[in-house]
Colleague: 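Can you read through this structure? Questions will come right after.
Numbered from 1 within each chain, the chains take letters A, B, ... in sequence-line order.
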Protein chains: 2
Amino acid sequence: MTSLRADAARNRALLLATARQAVASGDLSLQLNEMARRAGMGVGTVYRHFPTRRALLEALAEPAFAAVLDGARTASLHDDPWTGVEILLRALLLQQLADPAFAEVIASPATDDAIPQTTAQRNEFNALARTVLARARETGALRPGLTDEDLHHLVCGTAFALGLGPTPAARVDAYLRVLLDGVAGRAE
Amino acid sequence: MTSLRADAARNRALLLATARQAVASGDLSLQLNEMARRAGMGVGTVYRHFPTRRALLEALAEPAFAAVLDGARTASLHDDPWTGVEILLRALLLQQLADPAFAEVIASPATDDAIPQTTAQRNEFNALARTVLARARETGALRPGLTDEDLHHLVCGTAFALGLGPTPAARVDAYLRVLLDGVAGRAE
DNA sequence: ACAGGAAACGGATTGTCAATCCGTTTAGGT
DNA sequence: ACCTAAACGGATTGACAATCCGTTTCCTGT
């Protein structure tokens with residue numbers, strides 16, 4: 001059976017909305033007890049829908065993940081390989097800034113208790129990124145010696161760096177410029 | 001009264017040693033109850049010496065901070081401004097890698113419950129960094145538009161990025177190269 | 001319409017750890 | 001040796017994660 005009972009679907013949606021609001025108001029702790037209280041349901045219900053904080057986090061990150069996938073597709077279709085890299089890294093960085101839950105999910109390695117949705121998105125993203133980066137390497141646009149993982153880590157690091165400042169959004173372009181210039185090949 | 005009673009000094013040292021070993025073995029959680037158990041003393045004693053996890057963390061970071069200060073002094077004395085920047089950023093990055101406690105302290109803003117030692121070191125470091133960076137800006141070696149804080153954040157971000165990989169130490173030079181090329185001025 | 005049973009709910013409960021409080025012990029000056 | 005301030009130990013309180021199970025709700029088949 002793939003569909004939820006009516007009350008379960010309602011509660012799940014309510015819970016996600018509550019959690020999203022919490023994150024939006026700057027509280028990324030996502031205490032499940034507290035979420036239950038705010039959503040007006042028992043803790044048991046919350047834990048049935050999201051067995052761990054992580055599960056809730058991944059569910060929250062789903063839309064941001066989809067947005068990044070869009071960006072990655074656009075990147076892979078662009079004529080110029082280096083522009084593709086710019087689009088890819090920019091999308092990844094912007095979504096981390098827009099959604100702290102996504103930032104946390106994407107920065108940590110795939111776990112085996114990840115929800116299927118997340119695993120699928122992660123795999124698709126990795127595949128797209130692989131083609132974009134491979135193309136850029138072939139043309140020498142990308143600095144040699146950097147793996148796909150290195151790039152991934154560096155973008156997450158840049159997001160982390162932005163988060164240390166008082167107004168991350170105001171510095172995105174500057175930090176992204178630093179990153180792009182740093183990872184560009186000499187030929188660029 | 002500036003000196004501790006003999007038993008207090010002994011316990012403090014024992015506690016620091018215990019905590020250092022915990023961090024060295026990969027446990028950065030520094031649960032104060034657990035530290036008490038391992039050091040063979042009551043929790044009350046632990047909390048008297050280090051009222052919060054943060055206080056313990058800062059005490060642990062002290063030697064790493066001193067090492068960075070050394071690096072910063074060397075950097076400020078070097079003839080070539082850009083080389084000074086390289087030395088400065090490299091020292092900051094290496095110590096974060098060598099000591100996770102230091103990484104955590106340096107990445108978070110100065111708190112008013114910081115121990116005096118830390119505050120002093122932080123101030124001295126900021127002063128040294130300011131002169132090194134100012135000199136590099138004057139000569140156009142440093143990309144315009146990046147503040148001292150930006151540089152600080154970017155180094156912390158690079159350390160964070162390194163931490164995401166399986167063998168940080170193996171990638172330090174590569175990531176540092178990316179950072180340095182990213183923050184260098186065009187004239188460089 | 002309604003009966004039966006699976007699915008979901010609620011919240012009491014247990015376990016873990018941070019942090020405090022206060023009666024007891026100890027160091028070290030006189 | 002005495003005395004006091006300093007330090008100690010660990011019981012206790014409080015917050016939160018996570019589980020468990022008796023009760024309630026949905027929805028399917030008749």
Side-chain angles (χ1 to χ4, degrees), chain A residues 1-19 21-23 25-60 100-101 104-105 108 111-116, chain B residues 1-23 25-61 100-101 104-105 108 111-116:
Chain A
M1 83 150 261
T2 57
S3 73
L4 289 171
R5 230 171 65 173
D7 52 349
R10 201 177 337 112
N11 277 331
R12 186 174 199 281
L14 179 54
L15 206 39
L16 277 175
T18 304
Q21 172 149 10
V23 170
S25 73
D27 176 14
L28 196 54
S29 65
L30 291 182
Q31 300 172 4
L32 299 200
N33 284 8
E34 177 62 15
M35 292 301 108
R37 200 188 56 72
R38 287 202 213 171
M41 60 189 74
V43 270
T45 303
V46 173
Y47 276 89
R48 189 164 331 95
H49 285 296
F50 305 103
T52 65
R53 172 176 177 279
R54 175 86 194 185
L56 177 53
L57 208 60
E58 291 183 1
L60 287 179
E104 193 171 329
V105 171
S108 50
T111 60
D112 36 350
D113 63 334
I115 61 181
Chain B
M1 66 136 257
T2 58
S3 71
L4 289 171
R5 230 170 65 173
D7 53 349
R10 203 178 334 114
N11 278 330
R12 186 175 198 279
L14 179 54
L15 206 39
L16 277 176
T18 305
R20 223 176 281 284
Q21 172 151 8
V23 170
S25 73
D27 176 13
L28 196 52
S29 66
L30 291 183
Q31 300 172 2
L32 298 200
N33 283 5
E34 177 62 15
M35 292 301 108
R37 200 188 57 70
R38 288 201 213 171
M41 60 187 76
V43 271
T45 303
V46 173
Y47 276 88
R48 191 164 330 95
H49 285 296
F50 304 103
T52 65
R53 172 176 176 280
R54 175 85 193 185
L56 176 53
L57 207 60
E58 291 184 0
L60 287 179
E104 193 171 329
V105 170
S108 50
T111 60
D112 36 351
D113 63 334
I115 62 182

Colleague: Assign a letter to each nucleotide of nucleotides 14-21 of chain D from its 5' end: B, base within under 4.0 Å of a protein heavy atom; S, sugar-phosphate only; -, no contact.
Modeller: --SBBB--
Colleague: State, to 0.1 Å, how close B:Ala59 and B:Arg20 come at their nearest heavy-atom pair, and which atoms those are.
Modeller: O-NH2, 4.3 Å
Colleague: Whole angstroms only, please: what is the CE-P distance between A:Met35 and C:dC9?
Modeller: 17 Å
Colleague: Going by heavy atoms closer than 4.0 Å, what residues in residues 12-21 of chain B are next to DNA chain D?
Modeller: none
Colleague: Which atom pair, heavy atoms only, marks the closest approach of B:Ala101 to B:Leu60?
Modeller: CB-CB, 4.1 Å
Colleague: What residues, two or more places apart in sequence or in another chain, satisfy salt bridge (Lys or Arg N to Asp or Glu O under 4.0 Å) together with A:Glu34?
Modeller: A:Arg37, A:Arg38
Colleague: Using side-chain contact (heavy atoms from CB on, under 4.5 Å) as the criterion, point out the one residue from B:Val23, B:Leu30, B:Leu57 that pairs with B:Glu104.
Modeller: B:Leu57
Colleague: Each nucleotide in nucleotides 25-30 of chain D should get exactly one letter: B, S or -. Can you fill that in based on protein heavy atoms under 4.0 Å?
Modeller: BSS---
Colleague: List the residues meeting side chain to side chain contact (heavy atoms under 4.5 Å, CB included) with A:Leu32, not counting sequence neighbours, and say none if there are none.
Modeller: A:Val46, A:Tyr47, A:Leu56
Colleague: So, taking the atom named CG in B:Leu15 and the one named CZ in B:Arg48, what distance separates them when rounded to the nearest 0.5 Å?
Modeller: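 So the CG of B:Leu15 and the CZ of B:Arg48 are separated by 11.0 Å.
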Colleague: How about B:Leu16 and B:Phe50: do any of their side-chain heavy atoms sit closer than 4.5 Å?
Modeller: yes
Colleague: Take atom CG of B:Asp27 and atom C1' of C:dC17, then tell me their distance rounded to the nearest Å.
Modeller: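 Roughly 13 Å, once rounded to whole Å.
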Colleague: Phosphate oxygens OP1/OP2 of D:dA7: is one of them under 4.0 Å from a side-chain N or O of B:His49?
Modeller: no
Colleague: Working to the nearest 0.5 angstrom, can you tell me the gap between A:Asn11 CG and A:Arg5 CZ?
Modeller: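 With rounding to 0.5 Å, CG (A:Asn11) is 10.0 Å from CZ (A:Arg5).
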Colleague: Mind calculating the distance between CG (B:Asn11) and P (C:dA27) to the nearest angstrom?
Modeller: 11 Å
Colleague: Please confirm whether the shortest side-chain N or O distance from B:Thr45 to OP1 or OP2 of D:dG9 is below 4.0 Å.
Modeller: yes
Colleague: If every non-hydrogen atom of B:Ala39 is compared with every non-hydrogen atom of B:Thr18, which pair is closest and at what distance?
Modeller: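 So the two residues come closest at CB-OG1, 3.6 Å.
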Colleague: How long is the straight-line distance from CE of A:Met35 back to CG of A:Asp27, given to the nearest 0.5 Å?
Modeller: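 Answer rounded to 0.5 Å: 6.0 Å.
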Colleague: Go through the structure and list residues passing side chain to side chain contact (heavy atoms under 4.5 Å, CB included) with B:Thr111, not counting sequence neighbours.
Modeller: B:Arg54, B:Glu58, B:Asp113, B:Ala114
